Protein chains: 2
Amino acid sequence: MQKKQTATIYDVASRVGVSLATVSRVVNGNSNVRESTKRKVLDAIEALGYHPNAVARGLASKKTTTIGVVMPDVTDMYYSELARGIDDVANMYHYDVLLTNTDEDPVRETMAVNNLASKQVDGIIFMGNELDREILNTIAAVDAPVVLAGSLDEEGILPSVNIDYVAAVKEATELLIRNKHDRVALVTGPMVHAINKHHRLVGYQAGLEAANIAFDDSLLFATHQDYSAGLQVAEKIFAAQATAAVVYDDEVALGIMNYMRDHGKSVPEDFEIITSNDTKFAIVTRPELTSIGQPKYDIGAVAMRMLTKLMNNEVVDDMQVQLPHTFEKRGTTINPQP
Amino acid sequence: MQKKQTATIYDVASRVGVSLATVSRVVNGNSNVRESTKRKVLDAIEALGYHPNAVARGLASKKTTTIGVVMPDVTDMYYSELARGIDDVANMYHYDVLLTNTDEDPVRETMAVNNLASKQVDGIIFMGNELDREILNTIAAVDAPVVLAGSLDEEGILPSVNIDYVAAVKEATELLIRNKHDRVALVTGPMVHAINKHHRLVGYQAGLEAANIAFDDSLLFATHQDYSAGLQVAEKIFAAQATAAVVYDDEVALGIMNYMRDHGKSVPEDFEIITSNDTKFAIVTRPELTSIGQPKYDIGAVAMRMLTKLMNNEVVDDMQVQLPHTFEKRGTTINPQP
DNA sequence: ACACAATTTGCAAACGCTTACAATGACTAA
DNA sequence: TTAGTCATTGTAAGCGTTTGCAAATTGTGT
């Protein structure tokens, strides 16, 4: 692979007979350049096929027009839809995206953030549940704004974009209770995560309480986020004699649904399910999954938009944004005819 | 956000009382440093919390330890699994990944490649079907190796990693024919794409020919790659009186399956389906989808590994790698009992 | 024609690091 | 000793831009 000699700003400057500064100005759309010389510079750029070297530019200007995204797993539908929202508005504002998968491993999350920092990203969007002290500290140490998307820190201090998980889970629970269930299971991730402990569980309990049903922690199930985990936890749910479940992840919900059906329960007649992420998985099965409707793309998009403001030191009125959620009533719940 | 004063290599050099060069050497693991001074430098680095500035490093060394990945859509399971394979081995070799979604739009693909080039990435992995002249040209003009993952250029010239699509589709077609179908539909993407025209179609026709069945182009269907497209094309397939289909995408296959079942056909008894990507979608439904088994993660991983070699100017014996595929016989085909 | 204000340009110093190449010092063998 | 070798360290020239400031050019009103 022979080195293709790429033209530098110097080449175009000398070709036109102006200084570096002038070329730099026209490249950056600076106003103070006479129309005629601008014309000539542009021609030279065209002729030489000059492309500004972003690395040099980054060093000189201390801006890389690159943001970092750290997420658990691109392969997870929920997060990849957030990522898409992020990427689209990042592009809109001419930022590139440096992507890192962490599998929610705190060590890798910390490394990722530090690595992004040393790459001098202008900002970071962080997704992941495990926001422990150490990560919070390394985030605090980073000289670039960070916003959480679809994630929450314990203190609720970092800029973030989410839905109102408490309300959403409460409503889901209530809906199931209204359908005559008194043993509604809650399936979430590990209780060490703020989002589960302080939001989903709280919403669930609020729903119970509103209906005067005593909280029974044998109806609480923690899994990790995939289909086979759903299959596994379903067995326990079955054993616990629950007749309905609020589930935090679509793949897990699918696992539960399939297990139930494989074991002679029909869904929704014998067992009702409400899932939470409303990804493509929810509408691709029969029955389709009833779900809390999350504006996933928008969560990503809004988070990224917020980040652009932070990077420009613009004022952001609301640092903890809650986007509205909906309910998508489909086939895993018994829905009253309108 | 007050500027956190970050330490530079100069700071640690002067603290220890050595030159920049020496610090640079220890940071880069260069051997020629006395153990004792190395110790001192390391201590100073620790004390100052020094992190090398990757941008400056990139400018000086002309290596960014960053690669670019251009893909149609992170949200597409097939590609995101490739991306995961890429990312994991990229990390393994200490490369970061700059990710771009293109939605297969040639204009955006071209822009993406150029943009990555100006960011001075050390290499690029390209995914997408629409490898037309223009993109090929811009790829050729880039001063960094490019490898295709799960994608093919018309001429088969670029380094790439794939499966043998011709053989896979041929086998799938034959399997269906063996199950007594004489009207097997082929559902792919647009015929302007090399992978459809020169591989899938060819494999399909070969399968037909082997069974002495005349090719009927009314059994050829082109769709785009999503669930609703499957729903739509299913109607035409139904009308064309096909009784089985080889489908190139899992979401599309799901659309077809659901349409058929919603219209009184049972799968696989009345209509058999073989899909091609074997993503999570395939095992999450009832019945589960029979699929060509693609080592998606490995395609990404191998492509990335190949790229690392290219970036190091190592010799690569095989520039067009074909990984082995399998058949995952599941519920959408009638499988002989062993 | 002249002083003065804009408007355009150029100069040159960063930005933080890598890397030939040169220099120093210590050690070895004769 | 003394030249000759290594091992270790330092010097300084880039890498390709941006940008504050000064200089040059042009235009304006009288």
Side-chain angles (χ1 to χ4, degrees), chain A residues 3-42 44-45 48-66 94 117-122 143-144, chain B residues 3-42 44-45 48-66 115 117-122 143-144:
Chain A
K3 266 269 158 293
K4 282 131 192 159
Q5 187 54 48
T6 50
T8 74
I9 198 174
Y10 181 81
D11 297 323
V12 358
S14 72
R15 175 183 239 255
V16 180
V18 296
S19 71
L20 301 190
T22 301
V23 176
S24 175
R25 288 191 188 98
V26 352
V27 167
N28 292 293
N30 189 309
S31 46
N32 297 353
V33 181
R34 187 181 304 153
E35 194 56 37
S36 62
T37 69
K38 179 173 173 181
R39 198 54 267 148
K40 287 191 286 184
V41 170
L42 256 17
I45 286 175
L48 267 48
Y50 166 75
H51 291 281
N53 178 323
V55 175
R57 215 201 275 238
L59 182 58
S61 69
K62 327 203 55 44
K63 303 219 159 301
T64 53
T65 60
T66 301
H94 303 291
S118 83
K119 288 252 168 164
Q120 312 292 119
V121 295
D122 296 338
D143 181 27
Chain B
K3 265 273 154 287
K4 283 131 192 160
Q5 188 53 48
T6 51
T8 74
I9 197 174
Y10 181 81
D11 297 323
V12 0
S14 72
R15 176 183 240 256
V16 181
V18 297
S19 72
L20 301 190
T22 300
V23 177
S24 175
R25 289 194 187 93
V26 353
V27 168
N28 292 294
N30 189 309
S31 47
N32 299 352
V33 181
R34 186 182 302 154
E35 194 56 36
S36 63
T37 68
K38 180 172 171 181
R39 202 48 274 146
K40 286 192 286 184
V41 170
L42 255 16
I45 286 175
L48 267 47
Y50 166 74
H51 290 281
N53 178 324
V55 174
R57 214 201 276 237
L59 183 58
S61 69
K62 328 207 46 49
K63 301 218 161 302
T64 52
T65 61
T66 302
N115 181 239
S118 82
K119 288 253 168 161
Q120 312 294 118
V121 294
D122 296 338
D143 181 27

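Naming: A, B, ... by sequence-line order, numbering from 1 per chain. Values below: every heavy atom of this structure, side chains too, minus hydrogens, waters and symmetry copies. Everything numeric in this text was worked out from a predicted model, so none of it was measured.
- Between B:Thr64 and B:Gln120 there is a side-chain heavy-atom pair separated by less than 4.5 Å.
- Rounded to whole Å, atom P of D:dA13 lies 17 Å from atom OH of A:Tyr10.
- Atom CZ of A:Arg34 and atom C1' of C:dG10 are 13 Å apart (whole Å).
- End-to-end axis angle of the helix from C:dA1-D:dT30 to C:dA30-D:dT1, from C1' rotation axes over five pairs per end: 40° (rounded to 10 degrees).
- A 4.5 Å side-chain heavy-atom check between A:Val18 and A:Val23 finds at least one atom pair inside the cut-off.
- Both B:Ser36 and A:Ser24 sit near DNA chain D, but only B:Ser36 has its closest nucleotide nearer the 5' end.
- In terms of modelled atom types and a separation under 3.5 Å, the side chain of A:Ser118 and the main chain of B:His51 share no donor-acceptor contact.
- For A:Tyr50, a side-chain nitrogen or oxygen approaches OP1 or OP2 of D:dT17 to under 4.0 Å.
- With respect to B:Tyr50, the side-chain contact (heavy atoms from CB on, under 4.5 Å) criterion is satisfied by exactly one of B:Val41, B:Val12, B:Thr6: B:Val12.
- Within the 4.0 Å cut-off from OP1 or OP2 of D:dG10, at least one side-chain nitrogen or oxygen of B:Thr22 is found.
- Closest-nucleotide positions on DNA chain D for B:Ser61 and B:Val18 were compared, and the one nearer the 5' end corresponds to B:Val18.
- A:Asn28 places its CG atom 7 Å from the P atom of D:dT19, with the value rounded to the nearest Å.
- With sequence neighbours excluded, no residue forms a side chain to side chain donor-acceptor pair (under 3.5 Å) with B:Asn115.
- Rounded to whole angstrom, the span from the NZ atom of A:Lys38 across to the C1' atom of C:dT8 amounts to 14 Å.
- Two residues are said to be in side-chain contact when any heavy atoms from C-beta on lie closer than 4.5 Å; B:Val27 and B:Arg57 meet this criterion.
- Taking 4.0 angstrom as the limit, B:Ser19 places a side-chain polar atom (N or O) nearer than this to OP1 or OP2 of D:dG10.
- A:Arg25 contributes a side-chain N or O that forms a donor-acceptor pair with the base of C:dG10 under 3.5 Å.
- Within residues 53-60 of chain B, the residues having any heavy atom closer than 4.0 Å to DNA chain C are, in order of number, B:Asn53, B:Ala56, B:Arg57, B:Ala60.
- Minimum heavy-atom separation, B:Lys119 to A:Ala54: CA-CB, 3.8 Å.
- Close to D:dT8, at under 4.0 Å from its OP1 or OP2, lies no side-chain N or O of B:Thr37.
- Residue A:Lys63 has no polar side-chain atom (N or O) positioned under 4.0 Å from OP1 or OP2 of D:dT17.
- Put simply, NZ on B:Lys62 is 8 Å from C1' on D:dG16, counting in whole angstrom units.
- Side-chain atoms of B:Ser24 do not come within 3.5 Å of backbone N or O of B:Leu20 as any donor-acceptor pair.
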